[in-house]
Number of protein chains: 2
Amino acid sequence: MKTTSRLFKALADETRLRILSLLMEGELCVCNLMEVLRLPQSTVSRHLAYLKNAGWVDDRREGVWMYYSINRKGSDFHDGMFHFLKRHLASLPVSAADRKSLAAFEENNKCA
Amino acid sequence: MKTTSRLFKALADETRLRILSLLMEGELCVCNLMEVLRLPQSTVSRHLAYLKNAGWVDDRREGVWMYYSINRKGSDFHDGMFHFLKRHLASLPVSAADRKSLAAFEENNKCA
DNA sequence: TGACTATATCCGTTTATGCGGATATAGTTT
DNA sequence: AAACTATATCCGCATAAACGGATATAGTCA
């Protein structure tokens, strides 16, 4: 039960929900997230560490960049919640706006 | 999005999850919850107010007693999450123990 | 009305969480 | 190795939550 509440705590923050929503499109590196969220790097990294710790995301190093993605190897709880969240978050205005600004940034690939 | 994170915050606490799990069996009054959770009345009432505020539970007065139940008139989000939670929480040891001690209390109806 | 009971709310204290600049780490390039 | 870049972690501060005893409220019964 304590574990369950910890998993929910990770979802109980607007920034982290925005991050998850963005990652549902595919993996992203920290710099992409910084740009879209317009938050300092330490803040973004902290939230990512929180999400990783709770098993929501996975990371992968590629040279100097860290790519984060939704963790597909989580528990049934993770899977079910992820599926549920995907539909819900997609319908929110903030998600749409974030996706849009992500697309703009990716076009001229500022990060690489 | 802020709304969504608020809804998750309400679930991000072990005591509140235990309360929800108990209410999934049916409505209960505050005194029942106090007994099962072994927590002071102010603490239980506070958590119930929190859950009600987030739309997770509903209340009903019957004389001097307040009966709380899962709110069935919530949003799609509430409904979906409730359905998901029901299966998950049921499988946790704490839930089983709480249900057991609730049954014991209800047998000699201490509250009424 | 007054005593009693169940519950809600208040308040001061403690604990947890978020923040972001500063610093540390790790990989890359020269 | 030295300079550079991306990311992680540290640290002090500010805000928010949880706690539970004390008090207020609302209903009941005599």
Side-chain angles (χ1 to χ4, degrees), chain A residues 1-20 22-23 27-54 56-69 105-106 109-112, chain B residues 1-20 22-23 27-54 56-69 105-106 109-112:
Chain A
M1 194 74 108
K2 205 165 175 190
T3 307
T4 307
S5 67
R6 253 192 62 253
L7 295 184
F8 278 122
K9 270 191 226 301
L11 303 179
D13 178 274
E14 193 176 2
T15 302
R16 289 193 291 269
L17 289 178
R18 288 175 73 194
I19 290 175
L20 287 177
L22 283 163
L23 293 182
E27 70 173 7
L28 292 172
C29 70
V30 180
C31 46
N32 282 139
L33 291 167
M34 286 170 60
E35 286 161 348
V36 175
L37 302 172
R38 298 192 160 277
L39 287 172
Q41 179 263 322
S42 67
T43 298
V44 175
S45 279
R46 179 166 31 80
H47 283 300
L48 286 167
Y50 201 131
L51 287 170
K52 188 187 170 194
N53 214 302
W56 293 112
V57 305
D58 204 1
D59 60 1
R60 170 177 80 85
R61 180 178 282 278
E62 190 173 318
V64 135
W65 295 279
M66 290 296 290
Y67 284 94
Y68 283 85
S69 56
F105 278 122
E106 278 183 333
N109 217 352
K110 285 201 182 173
C111 190
Chain B
M1 193 74 106
K2 204 165 177 191
T3 308
T4 307
S5 67
R6 253 194 61 254
L7 295 184
F8 278 122
K9 270 193 226 300
L11 303 179
D13 177 275
E14 193 176 3
T15 302
R16 290 195 289 269
L17 289 177
R18 288 175 72 194
I19 290 175
L20 287 177
L22 283 163
L23 293 182
E27 69 173 5
L28 291 174
C29 69
V30 180
C31 47
N32 281 140
L33 291 167
M34 288 171 60
E35 286 160 347
V36 174
L37 301 173
R38 298 193 160 278
L39 288 172
Q41 180 263 320
S42 67
T43 298
V44 174
S45 279
R46 179 166 34 78
H47 283 302
L48 286 167
Y50 201 132
L51 287 170
K52 188 187 170 193
N53 214 302
W56 292 113
V57 305
D58 204 0
D59 59 2
R60 169 177 80 84
R61 181 177 282 279
E62 190 173 317
V64 136
W65 295 278
M66 291 295 289
Y67 285 94
Y68 284 86
S69 56
F105 278 121
E106 278 181 333
N109 218 355
K110 284 198 183 174
C111 189

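All of these numbers come straight from a predicted model, not from anything done at the bench. In what follows, chains are A, B, ... by sequence order, proteins preceding strands, each numbered from 1.
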Scan nucleotides 20-25 of chain D against the protein and return all N/O pairs shorter than 3.5 Å with their distances rounded to 0.1 Å.
| unit_1 | atom_1 | unit_2 | atom_2 | d |
| --- | --- | --- | --- | --- |
| D:dG20 | OP2 | B:Thr43 | OG1 | 3.0 |
| D:dG20 | N7 | B:Ser42 | OG | 3.4 |
| D:dG21 | N7 | B:Ser42 | OG | 3.3 |
| D:dG21 | O6 | B:Ser42 | OG | 3.2 |

Could you list, one pair per line, each protein nitrogen or oxygen that sits under 3.5 Å from a nitrogen or oxygen of nucleotides 2-4 of chain D, together with the distance?
none

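Distances were taken from every side-chain heavy atom of B:Thr15 (C-beta onward) to each of C:dG18, D:dC19, C:dA26; the shortest belongs to D:dC19. The side chain of A:Val64 lies closest to C:dT28 when the candidates are C:dT28, C:dA8, C:dC19. Nearest nucleotide to the side chain of A:Ser45, out of D:dG27, D:dT7, D:dA6: D:dT7.
Note that CD of B:Gln41 and CG of B:Leu48 are 10.0 Å apart. Values are rounded to the nearest 0.5 Å. Put simply, CZ on B:Arg61 and SG on B:Cys29 are 12.0 Å apart, with the number rounded to the nearest 0.5 Å. The structure places CG of A:Leu7 at 11.5 Å from CG of B:Leu11, a figure rounded to the nearest 0.5 Å. One distance of note links CG of A:Asp13 with NE2 of A:His47; it measures 4.5 Å at 0.5 Å rounding.
Distance CD (A:Glu14) to P (D:dA16): 14 Å, rounded to an integer number of Å. Atoms CD (B:Glu62) and C1' (C:dT5) sit 15 Å apart, rounded to a whole Å. As a whole-Å value, the separation of B:Tyr50 OH from D:dC19 P is 11 Å. To the nearest angstrom, C1' of C:dA8 lies 15 Å from CG of B:Leu51. Put simply, NZ on A:Lys52 is 11 Å from C1' on D:dA8, counting in whole angstrom units. Rounding to whole angstrom units, CE of residue A:Met34 and C1' of D:dA6 are separated by 9 Å. A:His47 places its NE2 atom 13 Å from the P atom of C:dT17, with the value rounded to the nearest Å. Going from atom CZ of A:Arg38 over to atom C1' of C:dC19 covers 19 Å, rounded to whole Å.
At least one side-chain heavy atom of B:Ile19 sits less than 4.5 Å from a side-chain heavy atom of B:Thr15.
Residue B:Lys52 places its NZ atom among 12 or fewer non-hydrogen atoms of other residues, nucleotides or ligands, all under 6.0 Å distant.
The backbone N or O of B:Ser42 lies less than 3.5 Å from no partner atom in the side chain of B:Ser45, so there is not a single donor-acceptor pair. Remark: the backbone N or O of B:Tyr50 is not paired with any side-chain donor or acceptor of B:Trp56 at under 3.5 angstrom.
Within the 4.0 angstrom heavy-atom criterion, no nucleotide atom of any strand lies near A:Tyr67.
For D:dA8, one of the phosphate oxygens OP1 or OP2 lies less than 4.0 angstrom from a side-chain nitrogen or oxygen of A:Tyr68. Residue B:Arg16 places at least one side-chain N or O under 4.0 Å from the OP1 or OP2 atom of D:dA18.
The minimum heavy-atom distance between B:Tyr68 and B:Val30, with the atom names listed, is CE1-CG2, 3.8 Å. For the residue pair B:Cys31 and B:Trp65, the shortest heavy atom distance occurs at SG-CD1, 4.2 Å. Nearest heavy-atom pair, A:Glu27 versus A:Tyr67, reported as atom, atom and distance to 0.1 Å: OE1-CB, 3.6 Å. Scanning all heavy atoms of the two residues, the minimum distance from B:Met1 to A:Arg18 falls at CE-CG, 3.4 Å.
Residues of residues 6-13 of chain A that place a heavy atom closer than 4.0 Å to DNA chain D do not occur.
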